[in-house]
Amino acid sequence: MFTRRQFIGSSLSLAATTAFAAPPVAAGRLKQSVSRWCYEKIPLDDLCAFAAKIGLQGIDLLHPADYEAPRRHGLRCTMGYAADNMTIANGLNRRENHAAIEQAFRTGIPQAARSDVPNVIAFSGNRRGMSDEEGVANTVAGLNRVKRIAEDNGVTICVELLNSRIDHPDYMADHTAWGARVMEEVNSPRVKLLYDIYHMQIMEGDLIDTIGKNIRWIGHFHTGGVPGRHELDDTQEVNWHAVASGIADLGFQGYLAHEFVPRGDPLPALERAVRICTV
């Protein structure tokens, strides 16, 4: 399976990225973007230009050095990395990490705000034998230390829900209910969940109902075909148009970012995903 640090898609030159000229996608009720790591072999400015052409509004998961690239194309970075010392495996559920994470956010969140980045990512970390109860308490304590930084800068910290069955064994924030408990206790408009549809389909399914019951805690969405994290096509078990419609019907105002690894031509695959999720 793929992680954010593994990419086996096509290696595309500048000429190749401009060869596929898709017509713009009609505007829908959801703001869509695309995750950078899935298209690492396409130069960032080329990816931004194509994203703008097909109606996307931003690029997800950029580091600060790249925050300005989308803005050159009328887009924005829709989710940034503001604390490089926090990883999927080593995150907020360890109190010994909190001081360093806070220090990173004190620099990284204002930097995101200056570049019009609305969200920054955060992770629970792995269990390593820790109980869910202790993990909730520790994560709440960590987020309470940094939520004022986010509130003061108008940036939302998004704690990502990931699957622990396939891609991220032992990850703690692997169910919506766990994440919702943390959000309820932190109770900040600038601390939300990053609900990854790919990961939560693997862990629990029942997507539309679960999203509806927890939408107040969700600040951002990711897509990815199940199984395999590939294109949003008819080989996948999720009805993506129905899920997108359900999210839009809730009045969601955040971003839905495509985070799948194309098996074939990546740009046509992205354009098709945008059309499927345009509701």
Side-chain angles (χ1 to χ4, degrees), residues 4 7 9-10 12 14 16-64 66-81 112 115-121 155-156 158 160 194-198 218-225 229-233 236 238 240-241 243-248 251-279:
R4 287 199 181 105
F7 176 82
S10 301
L12 299 181
L14 175 60
T17 63
T18 57
F20 174 66
V25 178
R29 293 181 290 157
L30 291 177
K31 297 182 290 187
Q32 299 185 55
S33 62
V34 60
S35 294
R36 170 59 175 152
W37 73 269
C38 304
Y39 298 85
E40 285 177 338
K41 296 188 178 181
I42 298 175
L44 180 55
D45 273 295
D46 294 352
L47 179 62
C48 291
F50 183 79
K53 186 168 188 175
I54 64 171
L56 293 178
Q57 297 194 28
I59 308 294
D60 233 47
L61 298 175
L62 295 179
H63 291 276
D66 292 324
Y67 282 168
E68 295 304 310
R71 297 173 65 157
R72 293 194 288 268
H73 302 270
L75 308 176
R76 73 199 306 196
C77 170
T78 47
M79 177 72 69
Y81 289 107
S115 294
D116 194 33
V117 178
N119 306 295
V120 296
I121 199 166
V155 172
T156 301
C158 292
E160 186 164 20
L194 195 175
Y195 187 98
D196 191 305
I197 300 167
Y198 160 77
I218 297 172
H220 200 78
F221 287 94
H222 280 168
T223 74
R229 201 173 196 157
H230 296 304
E231 290 89 335
L232 311 189
D233 59 19
Q236 303 298 313
V238 175
W240 289 99
H241 191 78
V243 171
S245 295
I247 294 169
F252 180 69
Q253 296 299 305
Y255 292 89
L256 179 130
H258 296 291
E259 193 187 26
F260 61 86
V261 179
R263 289 167 294 190
D265 289 343
L267 298 183
L270 176 59
E271 187 269 339
R272 286 192 296 269
V274 174
R275 289 187 182 278
I276 289 169
C277 293
T278 298
V279 295

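The first residue of the sequence shown is numbered 1, and numbering continues consecutively from there.
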Between CZ on residue Arg229 and CZ on residue Arg263, distance to nearest 0.5 Å: 14.0 Å
Could you tell me whether a side-chain N or O of Glu160 sits under 3.5 Å from a main-chain N or O of Cys158, the two making a donor and an acceptor? no
Can you name the closest pair of heavy atoms from Trp240 and Gly224 and give their distance? CZ2-O, 3.1 Å
From Lys41 atom NZ to Asp46 atom CG, the distance as rounded to the nearest 0.5 Å: 15.5 Å
To the nearest 0.5 Å, atom CG of Asp45 lies from atom CZ of Phe50 at 15.5 Å
Closest heavy-atom contact between Glu68 and Ser115? OE2-OG, 2.8 Å
Between atom NZ of Lys31 and atom CG of Leu256, what is the distance when rounded to the nearest 0.5 Å? 11.5 Å
So which atom in Arg36 and which in Ile42 form the shortest heavy-atom distance, rounded to 0.1 Å? NH1-O, 2.7 Å
Between the side chain of Arg71 and the main-chain N/O of Gly74, is any donor-acceptor distance below 3.5 Å? no
Run the salt-bridge test on Asp265 and Arg272 with the 4.0 Å N-O cut-off and return the result as yes or no. no
For Arg76, what residues pass the salt bridge (charged side-chain N to carboxylate O under 4.0 Å, His left out) criterion, not counting sequence neighbours? Asp116
Ser35: which of His258, Met79, His222 passes side-chain contact (heavy atoms from CB on, under 4.5 Å): His222
In the structure I gave you, are the side-chain heavy atoms of Leu62 and Pro70 within less than 4.5 Å of one another anywhere? yes
Exercise: identify the closest heavy-atom pair between Ala248 and Val279: CB-CG2, 3.7 Å
For a 4.5 angstrom cut-off between non-hydrogen side-chain atoms, does Leu267 reach Lys53? no
Step by step, work out the side-chain contact (heavy atoms from CB on, under 4.5 Å) result for Thr78 and Ile59. CA-CA 6 Å; Thr78 47; Ile59 308 294; 5.7 Å; no
Evaluate Ile197 against Ile247 for side-chain contact (heavy atoms from CB on, under 4.5 Å), listing each step before the verdict. CA-CA 11 Å; Ile197 300 167; Ile247 294 169; 4.2 Å; yes
If I take atom CD1 from residue Ile121 and atom OG1 from residue Thr156, how far apart are they, to the nearest 0.5 angstrom? 13.0 Å
So do the side chains of Asp60 and Glu259 get within less than 4.5 Å of each other, counting heavy atoms only? no
Please walk me through it: do His230 and Phe260 pass side-chain contact (heavy atoms from CB on, under 4.5 Å)? CA-CA 5 Å; His230 296 304; Phe260 61 86; 5.8 Å; no
Heavy atoms of Val261 and Glu231 approach each other most closely as O-OE1, 4.3 Å
Which heavy-atom pair separates Pro118 from Tyr255 by the least distance, and what is that distance? CG-CE1, 4.1 Å
Would Thr223 and Gln32 count as having a side-chain donor-acceptor pair, cut-off 3.5 Å? no
Would you say Phe221 and Val243 make side-chain contact, with heavy atoms under 4.5 Å? no
Check the pair Phe252, Arg29 against side-chain contact (heavy atoms from CB on, under 4.5 Å), reporting the backbone distance first and the verdict last. CA-CA 9 Å; Phe252 180 69; Arg29 293 181 290 157; over 6 Å; no
